Structure formats: C-alpha cells, structure tokens
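None of the values given here were measured: they were computed from a predicted structure. Per chain, numbering begins at 1; letters A, B, ... match sequence-line order.
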There are 2 protein chains.
Amino acid sequence: MKNRELKKAGLKTTQPRTRILQLLESNTDRHLSAEDVYRCLLENGEDVGLATVYRVLTQFEAAGLVTRHYFEGGKLAVFELDQGVHHDHLMCLKCGKIFEFSDDLIEERQKAIAEKLGFEIAGHALYLYGKCRKENCENFK
Amino acid sequence: MKNRELKKAGLKTTQPRTRILQLLESNTDRHLSAEDVYRCLLENGEDVGLATVYRVLTQFEAAGLVTRHYFEGGKLAVFELDQGVHHDHLMCLKCGKIFEFSDDLIEERQKAIAEKLGFEIAGHALYLYGKCRKENCENFK
DNA sequence: ATCAATGCAAAAACTTTGCACTGAT
DNA sequence: ATCAGTGCAAAGTTTTTGCATTGAT
C-alpha cells in the first residue's frame, strides 16, 4: 500500500522512500523533523543520508502525502503524514506534545472572512500554544 | 515617544534601536524580515550591522514591542510592530501582501476548544494563505 | 541499459555569538 | 568614567545543491 501511494505520486519505490513513509505511518501522533526521521532511520540500521531525507520529505509534501509545519519558535520544520482529514494544532509549550482538533465553525468563519476580502484561500494554519494538564505533561526534552 | 517605549522596556535609547523602531512604525502595513530592516537602514544611509538588527528585534520581541511571525515557506522570520490590538493574518501567496483581520467568534471557539482539552492558552496564530484580487496584486519580488 | 535516486561533501540561507571598540548616561 | 550597546567576523543551525555512484525497472 505504501508502494501504491508512491506510485500515485509518480515516485519510484525506493528503500529510503518506503522507510520514511513507514516511519511517518507509525508515528501519526508525533510530528517529526527531518533530523528526527534521519536519526530514527539510522537507529534502525537504515543507511540514509540526511539530504535524502530532506529531498524525500519535500517530494512527499509536493505530492500531498505530508504536511510541513512551522511551529512557533520556528527553526526546524516538522512533518506530518496527511491522512486526508483536515485539522488544526494545539501545542504544549511545556512538553511539546501536539493535540489535533477541528472546528467547523472556525473553518466557516475563515472562508467567510476570505471571501469578504476577495481572497481565494489556498491553505490555512491555526496553531494554539499553551500548557496542557500537568498529569499528561512530560518535560520538554 | 519612541524613547518612552524603549525606556519602558529597559532599553537604552540608541541610534539603531530608535531607527529600527521608526522603520517599523512607518511600515505597519508590511511585515519586515531582519534582512529587510537591515537593507532599509543601509539604503537610508544608516550604518548598522545585521547582527545588531537581529539583536534589537529579539529584544523588542522580548519586551513585547514586536511580534515575530513564521509564515508558510518558513525560513526567515518577519517582524511586526505590536500595536496592542490582536489580529490574525491573511497572506497573498502571489504578491506577498499581508492583510489583517480579527474575528471574535473564532477567538471564542479557540478558547472553548482549549478549555475542553484542559489547555491553558498562551498564544495562538492563525494564518490564511491564498490569492488576493488581481487588481490589488503586484508580483512577488 | 537506462535514467532516476542516493550519499556524501560542499554550499547556501538564516541567525547567533565572541570580542574589541564605541557611545549613552 | 562606566558599562551597555555596537559592528565585524566567525561560528552555529537548518536546509539545499553538485556530482559521482547506486539501484529500480
């Protein structure tokens, strides 16, 4: 099924691409940076280059397979497997955990606002930042 | 009045800081990167270093005078003078122009969502991306 | 066999830091 | 006179690119 997705995107089924897709699939609850992906693969004995990870993730993004996020604090981008369902993000500044949510009302309002301004929306990103409940909150690494 | 703001932030009134604040004040409709600020100052015959621009902008941010944004496409951060009124951003992917808006309903929903998840909101960012009306739309530089 | 894809190393892009000098009080 | 603030150059981070080699069809 990975192969199918790659094929559909016009990408040859290579080892790095398959492995990266697998990794993202088994980490749908996390958002990984290119460096994260690279390290994970190395730890699993895969022999990839960081440049390839960047290239592959960029290709995946172009193919609509993954979404790239720039969270507050900017710097490194993180990637998330796109599972078809749109959602926004809520990030704990203390432990870095990311929660996802979706709100029809907000989506509607966004559309209305854009329309009023004569804008054709191509994408949008809503990030909330805060502190999650202590019980669930681990310390930021 | 610039001096007052700087004093209030515990920052000495120096030439670079005053100039940068002035520049931001006369560009409230644009969002400038550190590089932008640097170039503008050089063009106006000011003799500043890029490092100083970064330092000053970071200090301004810490003092709550400016807000740093990481727009899609990430990479370079842009800065906006904080004029007290919260607002969200709508960016034209074609010409780079930024429109500001604010919607009470969206704000409310955000609060409600965070509350439901037991989250204490510290900040949030809503960015819409799209294409603005042709008539107003200049080409991206 | 072919040509896309990879790994490595080098470069690029953006930002921060060290340090000796300058400037505001 | 003092010590924060500055400019410059060097270093740090994250990401991209060039090129010879490898690998999928």
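- What separates CG of A/L42 from C1' of C/dG7 is a distance of 12 Å, to the nearest Å.
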- Query: Taking it one step at a time, do B/R68 and B/T58 satisfy side-chain hydrogen bond (donor to acceptor under 3.5 Å, both in side chains)?
  - Reply: CA-CA 9 Å; B/R68 188 190 299 245; B/T58 302; 3.2 Å; yes

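- Helix bend of the helix from C/dA1-D/dT25 to C/dT25-D/dA1: the angle between its two end axes, each built from five pairs, comes to 30° after rounding to 10°.
- For the side-chain contact (heavy atoms from CB on, under 4.5 Å) with A/H31, the lone residue among A/K97, A/M91, A/E100 that qualifies is A/E100.
- Between A/L32 and the choices A/L24, A/V78, A/I20, the side-chain contact (heavy atoms from CB on, under 4.5 Å) rule is met once, by A/L24.
- The phosphate of C/dT16 (OP1 or OP2) has no side-chain N or O of B/Y54 nearer than 4.0 angstrom.
- Here B/T14 does not reach the OP1 or OP2 of C/dG23: none of its side-chain N or O atoms lies under 4.0 Å away.
- The side chain of A/T13 places no N or O atom within less than 4.0 Å of a non-bridging phosphate oxygen (OP1 or OP2) of D/dA24.
- Considering only side-chain N and O atoms, B/R17 lies under 4.0 angstrom from the phosphate OP1 or OP2 of D/dT6.
- Looking at which nucleotide of DNA chain C each of B/R68 and B/K12 is closest to, the 5′-most match is held by B/R68.
- Ring-plane geometry between B/Y129 and B/F71 is classed as perpendicular, the angle between the planes exceeding 60 degrees on a 0 to 90 degree scale with a lower cut at 30.
- Within the 4.5 Å cutoff, the side chain of A/Q110 has heavy atoms near those of the B/I106 side chain.
- At whole-Å resolution of the value, NZ in A/K7 and P in D/dT25 are 6 Å apart.
- For the pair B/Y70 OH and D/dT15 P, the interatomic distance rounds to 12 Å; values are reported in whole Å.
- The distance between atom CG of A/L32 and atom P of D/dT15, rounded to the nearest whole Å, is 13 Å.
- Between the CZ atom of B/F60 and the P atom of D/dG5 there is a distance of 11 Å, rounded to whole Å.
- Nearest to the side chain of A/L50, among D/dT16, D/dT6, D/dT15, sits D/dT15.
- For the pair B/L6 CG and C/dT25 P, the computed distance is 10 Å after rounding to whole Å.
- Comparing D/dT16, D/dT15, C/dC8 against the side chain of A/L76 picks out D/dT15 as the nearest.
- A/L21 has its CG atom 15 Å from the P atom of C/dA5, to the nearest Å.
- Counting to the nearest Å, the P atom of D/dT14 and the OH atom of A/Y38 are 14 Å from each other.
- Here the side chains of B/F99 and B/C132 are in contact, with some heavy-atom distance below 4.5 Å.
- Within the 4.5 Å cutoff, the side chain of B/V48 has no heavy atoms near those of the B/R19 side chain.
- Of the candidates D/dC8, C/dC14, D/dT17, the closest approach to any side-chain atom of A/R55 belongs to D/dT17.
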